[in-house]
Every structure is written in structure tokens, then in C-alpha cells.
Enquirer: 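Take this structure first; my questions come after.
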Amino acid sequence: MGIEQLSMYGYVSKAEVLADARRYWNPDKTEFWQAEGVPLVVGERSGYGLTDVDGHEVIDVHLNGGTYNLGHRNPELVRTLTDAVQHVDIGNHHFPTPGRAALARRLVEATPGADKAVFGSSGGEAVDVALKSARYATGRRRIVSVVKAYHGHTGLAVATGDPRFSQLFRSDHPAEFTQVPFNDLDAMTTALAGQDVAAVIMETVPATYGFPTPEPGYLVGVKRACEETGTLYIADEVQTGLGRTGELWSVYAEGVVPDILVTGKGLGGGLYPVSAALLGPAASGWLEQDGFAHMATFGGAELGCAVAAKVLEITQRSETRDNVRRRIAQVAAGLAELCAELPHTLTGIRQKGLVIGLEFGATGAKPVMAELYRQGVWAIFSTLDPAVLQFKPGLLLTEPETDEILTRLRTAVRKVAAHG
Ligand SMILES: Cc1ncc(COP(=O)(O)O)c(C=O)c1O
């Protein structure tokens with residue numbers, strides 16, 4: 001299997017790929033994964049399985065943050081894409097098209113409070129659109145986000161995130177971007193009190209920070225503080241949306257109707273990049289005034305629109321929703337058992353549906369990540385809280401597949417615990 005992936009590009013060994021990756025692609029990142037015990041060079045992929053070009057097979061519960069919610073090369077999505085390419089291409093971004101109009105309508109209708117959809121090709125781009133729209137609507141510049149936030153690496157998005165990513169590129173702008181601790185409503189209220197903030201941007205469960213869950217009433221309190229100060233609430237659902245918590249979007253279950261909702265990653269089914277900022281009436285005015293104010297050649301590419309419409313259809317099917325509910329319960333039971341067995345290693349579980357962070361306290365998540373990889377499961381540590389392993393099972397996993405993941409996790413955690 002892996003051999004075909006190698007020969008397609010003229011390589012005869014994995015070592016050659018790694019040498020070129022080091023030399024021409026990203027030396028630091030290439031070395032990092034070798035050193036951390038995840039020497040993955042993905043070859044074949046299908047369903048929730050990945051095969052390294054050296055033949056090592058793993059079940060993917062990283063899913064690139066939800067990009068592969070519906071699996072790798074989901075057959076229905078592959079068919080949709082290959083059918084679409086018989087007739088359309090990326091399209092001309094200046095004109096309305098049936099695929100673009102239909103996806104916009106479908107997204108707006110599925111999102112209470114939304115009025116218009118602006119398309120991009122990445123989450124960061126859609127976050128930038130959301131922030132620009134809020135600035136347009138309020139005439140204000142300041143943006144508030146949470147400490148350890150991560151909303152992408154584009155111009156405005158990176159400035160809302162942790163300095164870990166913005167400072168290297170001189171992209172932190174302290175005068176315009178304020179950060180307050182997550183779950184601290186007083187700090188948020190104080191930050192908004194001057195009535196000079198255009199928007200608060202929040203992930204319902206901050207992913208890169210290790211999925212700390214919002215305390216009851218916190219997000220509703222933030223929304224109320226926004227309403228009282230003329231600030232817009234942007235829900236970043238790039239990781240938490242698209243069915244992962246049992247609902248299409250997780251923020252509504254917290255009692256919040258956002259002014260803007262951002263989606264990306266899984267929207268393109270892992271096959272064609274597409275993202276969207278769904279603007280409510282408070283933020284969509286610029287589209288009436290100046291439709292050329294934001295442009296992106298690949299934004300709302302027609303091939304991506306075709307795939308995304310199918311992604312929404314599959315995600316909203318009752319069988320998919322039922323499956324997600326069953327998997328949520330199955331995973332919760334398995335994790336609770338493991339936590340009871342090894343409480344000094346698996347020190348806590350953060351779970352909102354299939355958005356899950358596993359806390360490994362002093363052990364840290366990296367040794368577990370490496371052992372899991374050896375056991376045949378790929379899950380990533382949280383960059384901004386390395387004690388937490390991100391654990392994101394797919395929406396279409398079967399019961400036996402989920403049992404297999406839990407069994408491998410148990411083996412890995414036991415091994416790490418035994419080695420202290
Ligand atoms: C919550 C969140 N928002 C935005 C982004 C940015 O998405 P992209 O990498 O497609 O720009 C990410 C990426 O991981 C994310 O996790």
C-alpha cells in the first residue's frame with residue numbers, strides 16, 4: 001500500500017521522503033515528530049484508518065480537528081466530488097452559481113440567527129471575515145478573545161490567539177486585541193465595560209487549550225455582556241461544530257445565539273477546502289453596501305460547495321445523529337472505567353459529546369500519544385496545554401471500532417502508568 005504512495009512521487013523509501021521534507025518542506029516539524037515517537041508519513045487512508053508508508057496502521061482520532069469527522073475519503077463524498085468535477089470547477093468567485101447559492105441557503109437555514117454566508121477556504125480566513133464584519137458593523141476596532149485561544153494563523157485570527165503563534169511574526173497587536181481568562185465572567189465584563197469592543201470571539205470548548213469545558217452560565221453571561229455593551233459575539237465552531245457534540249453547532253446547546261458563527265475543517269469533508277462565516281443581520285450589512293469589500297479567489301469554490309452540501313446532509317441525517325449519541329455514551333463509559341482504574345495517570349476527562357480532552361497531569365500527554373501510536377491509534381497532544389490529549393472519535397464510527405480504540409487506549413495508558 002505504502003509503496004504505491006512512495007513510487008507515485010519517485011521515492012523508494014520513507015527515509016527519502018523524510019530527507020526531502022527536512023530539506024525542502026519544514027525541518028523543525030519533521031524532526032519534532034520523529035523525536036516525539038510519531039514518525040507518521042501518511043500513505044493510504046480510508047474510513048478512520050491511516051497507513052504509514054512503512055505499513056504501520058493507526059486509527060485516526062485526531063481527525064485534523066474534525067476535518068475527517070465523516071472519515072477519510074468518505075465514499076459518498078468522493079462520489080459527490082467526482083460527479084461535480086464532471087460539470088464544474090472552482091468557478092468564478094465574482095458570480096452567483098447554483099452550488100454557492102444553495103450551500104449559503106442551506107447553512108443559513110441550519111443556523112438560527114444567521115442571515116448571510118461568506119465563504120473562504122480556511123478557518124482562519126473565515127475568522128478574519130467574521131472579525132472584519134464585526135468591525136464594520138460596530139465601527140470599533142478592539143477584539144476580545146480568551147487566554148490560550150486559537151482561531152487560526154491568518155492576519156487577524158492569529159492576533160486573537162496565544163502569543164506562542166503571534167509574537168514570532170510580530171503579529172500581536174496588544175492595543176487592539178485583548179485576552180481574558182476562559183470561564184472568568186468578571187474579567188470579560190470588565191474588558192467590555194468601555195463599550196469600545198467590536199467583538200468577542202469564543203470557541204464553545206477551546207480546542208488547542210485542551211478542551212476546557214465552559215462552566216454553566218458562562219457563555220450565556222458573555223453573550224449578555226456583549227448585548228449590554230453593543231459588542232458582537234462570534235462563535236468559532238471550526239472544531240466544535242458539524243455534529244460533534246450531538247448538535248450541528250455546539251453553541252446553541254449552551255443557550256447562546258451568536259451574531260456570527262464560523263465553520264471550516266469538516267465542512268469540506270477532508271476532500272475540498274471550504275469554510276464559512278455565517279453573519280447575522282447585525283453583521284451582514286456590508287454585503288448590501290459593498291459586495292466587493294472582501295474577495296477570495298477560492299472562497300466558495302464550486303467543488304467545495306458541492307462537497308459541503310453533502311457533508312451537511314450526512315451530518316444532519318437521523319442515523320448519523322443517533323450514531324453520535326450512542327458513541328458519546330460508549331466513549332464516556334469506557335473513559336470513566338479507565339479513569340477509575342488509573343486515576344493517577346488519567347487524572348481527568350473533559351467531554352462535550354465527541355469533543356474530548358484527556359488529562360494526564362504530571363505524566364503529560366506526549367508519552368501517552370507516543371505509546372498510543374505504537375498501539376495503533378493516532379491522537380494529538382494539546383499545543384497550549386501539553387498535559388491534555390485531544391481525543392476526537394469520528395461521527396460514523398461503529399460500536400466495535402470504538403471498542404477497539406478504547407481497548408488500545410487502555411493498553412497504552414496501562415503501559416505508560418507502569419513505566420511511571
Ligand atoms: C478553533 C479553530 N478555529 C480556527 C482554526 C483555523 O482553521 P484553518 O487551519 O483552516 O485556518 C482552527 C484550526 O485548527 C481552529 O482549531
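Both ligands and their constituent atoms are indexed starting at 1 by order of listing.
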Enquirer: Starting from atom 7 (O) of ligand 1, which protein heavy atom do you reach first, and at what distance in Å?
Expert: Gly123 CA, 3.3 Å
Enquirer: Could you tell me which atoms of ligand 1, counted from 1 in the order shown, lie closer than 4.0 angstrom to a heavy atom of Glu203?
Expert: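 Selected atoms, number and element: 1 (C).
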Enquirer: Does only the side chain of Glu125 get under 4.0 Å from ligand 1, or the backbone, or both, or neither? Count heavy atoms.
Expert: neither
Enquirer: Assert yes or no for the condition that the ring centre distance of Phe292 to His94 is strictly below 6.0 Å.
Expert: yes
Enquirer: I'd like to check whether Asp236 has a polar contact with ligand 1, where a contact means an N/O of the residue lying under 3.5 Å from an N/O of the ligand.
Expert: yes
Enquirer: Using a 3.5 Å cut-off and no angle test, enumerate the donor-acceptor pairs between side-chain atoms of residues 143-162 and protein atoms at least two apart in sequence or in another chain.
Expert:
unit_1: Ser145; atom_1: OG; unit_2: Thr160; atom_2: O; d: 2.6
unit_1: Tyr150; atom_1: OH; unit_2: His153; atom_2: NE2; d: 3.1
unit_1: His151; atom_1: ND1; unit_2: Asp236; atom_2: OD2; d: 2.7
unit_1: Thr154; atom_1: OG1; unit_2: Gly124; atom_2: O; d: 2.9
unit_1: Thr154; atom_1: OG1; unit_2: Asp128; atom_2: OD1; d: 3.1
unit_1: Thr154; atom_1: OG1; unit_2: Asp128; atom_2: OD2; d: 3.4
unit_1: Thr160; atom_1: OG1; unit_2: Ala157; atom_2: O; d: 2.6
unit_1: Asp162; atom_1: OD2; unit_2: Arg164; atom_2: N; d: 3.0

Enquirer: So is there a nitrogen or oxygen of Gly152 less than 3.5 Å from a nitrogen or oxygen in ligand 1?
Expert: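 In this structure, Gly152 places no N or O atom under 3.5 Å from an N or O of ligand 1.
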Enquirer: Should you measure from each heavy atom of Val238, which atoms of ligand 1 turn up under 4.0 Å away?
Expert: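 So the atoms of ligand 1 that pass are 2 (C), 3 (N), 4 (C), 5 (C), 12 (C), 15 (C).
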Enquirer: Would one find an N or O of Gln239, backbone or side chain, under 3.5 Å from an N or O of ligand 1?
Expert: yes
Enquirer: Between Phe182 and Tyr218, does the ring centre distance come in under 6.0 Å?
Expert: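 Centroid separation for Phe182 and Tyr218: below 6.0 Å.
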Enquirer: Counting only heavy atoms not in Phe298, do more than 12 fall under 6.0 Å of its CZ?
Expert: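 Atom CZ in Phe298 is not packed in, count stays at 12 or less.
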Enquirer: Do Gln289 and Tyr136 have a side chain donor and acceptor closer than 3.5 Å?
Expert: yes
Enquirer: How far is atom 12 (C) of ligand 1 from its nearest protein heavy atom, and which residue and atom name does that atom have?
Expert: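 It is Tyr150 CE2, 3.7 Å.
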Enquirer: Output the list of atoms in ligand 1 that are nearer than 4.0 Å to some heavy atom of Ser122, sorted by atom number.
Expert: 10 (O), 11 (O)
Enquirer: Fit a plane to each ring of Trp33 and Trp378, take the angle between them on a 0 to 90° scale, and name the class: parallel (under 30°), tilted (30 to 60°) or perpendicular (over 60°).
Expert: perpendicular
Enquirer: Atom 14 (O) of ligand 1: which protein heavy atom is closest, and how many Å away?
Expert: Lys265 NZ, 2.9 Å
Enquirer: Ignoring hydrogens and angles, state whether a donor on the side chain of Thr204 or Glu237 is under 3.5 Å from an acceptor on the partner side chain.
Expert: yes
Enquirer: Ring centres under 6.0 Å, that's the criterion: do Tyr68 and His62 meet it?
Expert: no
Enquirer: Quick one: look up the protein heavy atom nearest atom 11 (O) of ligand 1 and list residue, atom name and how far away it is.
Expert: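 The answer is Gly124 N, 2.8 Å.
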Enquirer: Below 3.5 Å, N or O to N or O, backbone or side chain included: is there any such pair between Thr208 and ligand 1?
Expert: no
Enquirer: Give a yes/no verdict on whether any heavy atom in Glu237 is under 4.0 Å from an atom of ligand 1.
Expert: no
Enquirer: Would you say atom 9 (O) of ligand 1 touches the protein, meaning some protein heavy atom is under 4.0 Å from it?
Expert: no
Enquirer: So, Thr51 versus Arg45: side-chain donor-acceptor pair below 3.5 Å or not?
Expert: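 Short answer, no.
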